[in-house]
Amino acid sequence: MHGISWRLIRPLVAKLEPETAHRLTIRSLQWGLVRAPVGSPDPRLAIRLFGLDFPNPLGLAAGADKNAEAPGGALALGLGFVEVGTVTPRPQAGNPRPRLFRLDGDRAIINRMGFNNDGCEAVLARLAARRGNGIVGVNIGANRDSADRIDDYVKGLAAFGPVASYIAVNVSSPNTPGLRNLQARSELEALVARLNETRAGLPAPVPLLVKIAPDLDRDELAAIAEVCLAGGIDGIIVSNTTVSRPPLRSRYAGEAGGLSGRPLFELSTRTLAETWRLVGGRIPLIGVGGIDSAETAWIKLTAGASLVQLYTALAFEGPGLVTSILRGLSRRLDELNLSSIAQAVGSNAEAWVTRD
Ligand SMILES: Cc1cc2nc3c(=O)[nH]c(=O)nc-3n(C[C@H](O)[C@H](O)[C@H](O)COP(=O)(O)O)c2cc1C
């Protein structure tokens, strides 16, 4: 179902209610209906980080496979890694529908899903039963009605630490009221301290990454970088969706929730470059927000990302986008005569930081 058949199916999928379209996509990945064309991977795209060997730097962002139903199917598209979740300790229904809006004219999505997910136990059972290789990170969060949110992250780390390639600590979803306050210095310090205690008790240490919002000012960002560096956090994921509204043309522009896709690119890339400057290469960054081509993936890498992730553009462009981005990145390496993608990371970060 690669290539031409997706072109036939896409107009039909685009007519479906967005959540129904998403369910269908997860099912087709689960059943292995969509696969990357066979071809040998480009070894120059491989990168080793956090003690993990990524076959290429392009991953699936959190939220696409919240319940770890299809990580193998997503990897079969040619992605270098998959981040499942966000998972909360207890299952939760999320916000009332409609809560997912496709802004076709803007190549964007607004969502206020609110961490709908099957909960730790069910997702853990799926991951534990999974066969097959490939890097699968787990993104963890807190239940909306939790009395102790930090404790929810501790539970997530304790549950998934032994099976996850890495853990992403999501303190940046705009759809759980108050959650983003965990990005404030004192809250984040407390959270990181508790997570480190828990991590020390795991059978093997698991890489711990923090996922941040694109809506932070420089001081807030500087505090996060400091806390992450001091607390031994292994990497920072920049960024989640934005609550800001750059100019949009779609009739859904006024819906509440987080905006992703093309209109997020500029803001999330600037936040990425700022973070790159603050951490000074001491820990790697994952760049996410508005990647929809090899060009935009390359810009993220050169703005400071060692790895990149995408979600929204896949919903618009279909699975063939993965191969097209990877091929485009290989072409870039040819043109610049580089022997590995790592050589490009951060090479243009300063230009983004000094921009107004
Ligand atoms: C429908 C939807 C659900 C999402 N759910 C989550 C989530 O559960 N946890 C999370 O950390 N990010 C979530 N995200 C954010 C994405 O992981 C990503 O950070 C953001 O969409 C920007 O990337 P993109 O422009 O390529 O989509 C979600 C995004 C969308 C569109």
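One-based numbering, in listed order, for ligands and for the atoms of each. Computed from a predicted model, the values in this text were never measured in an experiment.
F265 pairs by the ring pair (Phe, Tyr, Trp, His ring centres under 6.0 Å) definition with nothing, not counting sequence neighbours.
Taking a cutoff of 4.0 Å between a charged side-chain nitrogen and a carboxylate oxygen, E69 and R23 qualify as a salt bridge. Under a 4.0 Å N-O distance rule, the pair D234/R199 qualifies as a salt bridge. Note on R185 versus E226: salt bridge recorded, some NZ/NE/NH1/NH2 to OD/OE distance being below 4.0 Å.
Results of the side-chain hydrogen bond (donor to acceptor under 3.5 Å, both in side chains) test with N117 over N67, T86, T88 single out T88 as the only residue that passes.
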Any protein N/O atoms within less than 3.5 Å of an N/O atom in ligand 1? List the atom names and distances, or say none.
{"unit_1": "ligand 1", "atom_1": "5 (N)", "unit_2": "K66", "atom_2": "NZ", "d": "3.3"}
{"unit_1": "ligand 1", "atom_1": "8 (O)", "unit_2": "K66", "atom_2": "NZ", "d": "2.9"}
{"unit_1": "ligand 1", "atom_1": "8 (O)", "unit_2": "T86", "atom_2": "N", "d": "3.2"}
{"unit_1": "ligand 1", "atom_1": "8 (O)", "unit_2": "T86", "atom_2": "OG1", "d": "3.3"}
{"unit_1": "ligand 1", "atom_1": "9 (N)", "unit_2": "T86", "atom_2": "OG1", "d": "2.7"}
{"unit_1": "ligand 1", "atom_1": "9 (N)", "unit_2": "N170", "atom_2": "ND2", "d": "3.4"}
{"unit_1": "ligand 1", "atom_1": "11 (O)", "unit_2": "N139", "atom_2": "ND2", "d": "3.0"}
{"unit_1": "ligand 1", "atom_1": "11 (O)", "unit_2": "N170", "atom_2": "ND2", "d": "3.1"}
{"unit_1": "ligand 1", "atom_1": "11 (O)", "unit_2": "K211", "atom_2": "NZ", "d": "3.0"}
{"unit_1": "ligand 1", "atom_1": "12 (N)", "unit_2": "K211", "atom_2": "NZ", "d": "3.1"}
{"unit_1": "ligand 1", "atom_1": "14 (N)", "unit_2": "A62", "atom_2": "O", "d": "3.4"}
{"unit_1": "ligand 1", "atom_1": "17 (O)", "unit_2": "A62", "atom_2": "N", "d": "3.4"}
{"unit_1": "ligand 1", "atom_1": "17 (O)", "unit_2": "A62", "atom_2": "O", "d": "2.7"}
{"unit_1": "ligand 1", "atom_1": "17 (O)", "unit_2": "K211", "atom_2": "NZ", "d": "2.8"}
{"unit_1": "ligand 1", "atom_1": "19 (O)", "unit_2": "K211", "atom_2": "NZ", "d": "3.0"}
{"unit_1": "ligand 1", "atom_1": "19 (O)", "unit_2": "S239", "atom_2": "O", "d": "3.0"}
{"unit_1": "ligand 1", "atom_1": "25 (O)", "unit_2": "G261", "atom_2": "N", "d": "2.8"}
{"unit_1": "ligand 1", "atom_1": "25 (O)", "unit_2": "G290", "atom_2": "N", "d": "2.8"}
{"unit_1": "ligand 1", "atom_1": "26 (O)", "unit_2": "Y311", "atom_2": "N", "d": "3.0"}
{"unit_1": "ligand 1", "atom_1": "27 (O)", "unit_2": "T312", "atom_2": "N", "d": "2.9"}
{"unit_1": "ligand 1", "atom_1": "27 (O)", "unit_2": "T312", "atom_2": "OG1", "d": "2.6"}

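The two residues V87 and C120 make their nearest non-hydrogen contact at CG1-N, 3.6 Å.
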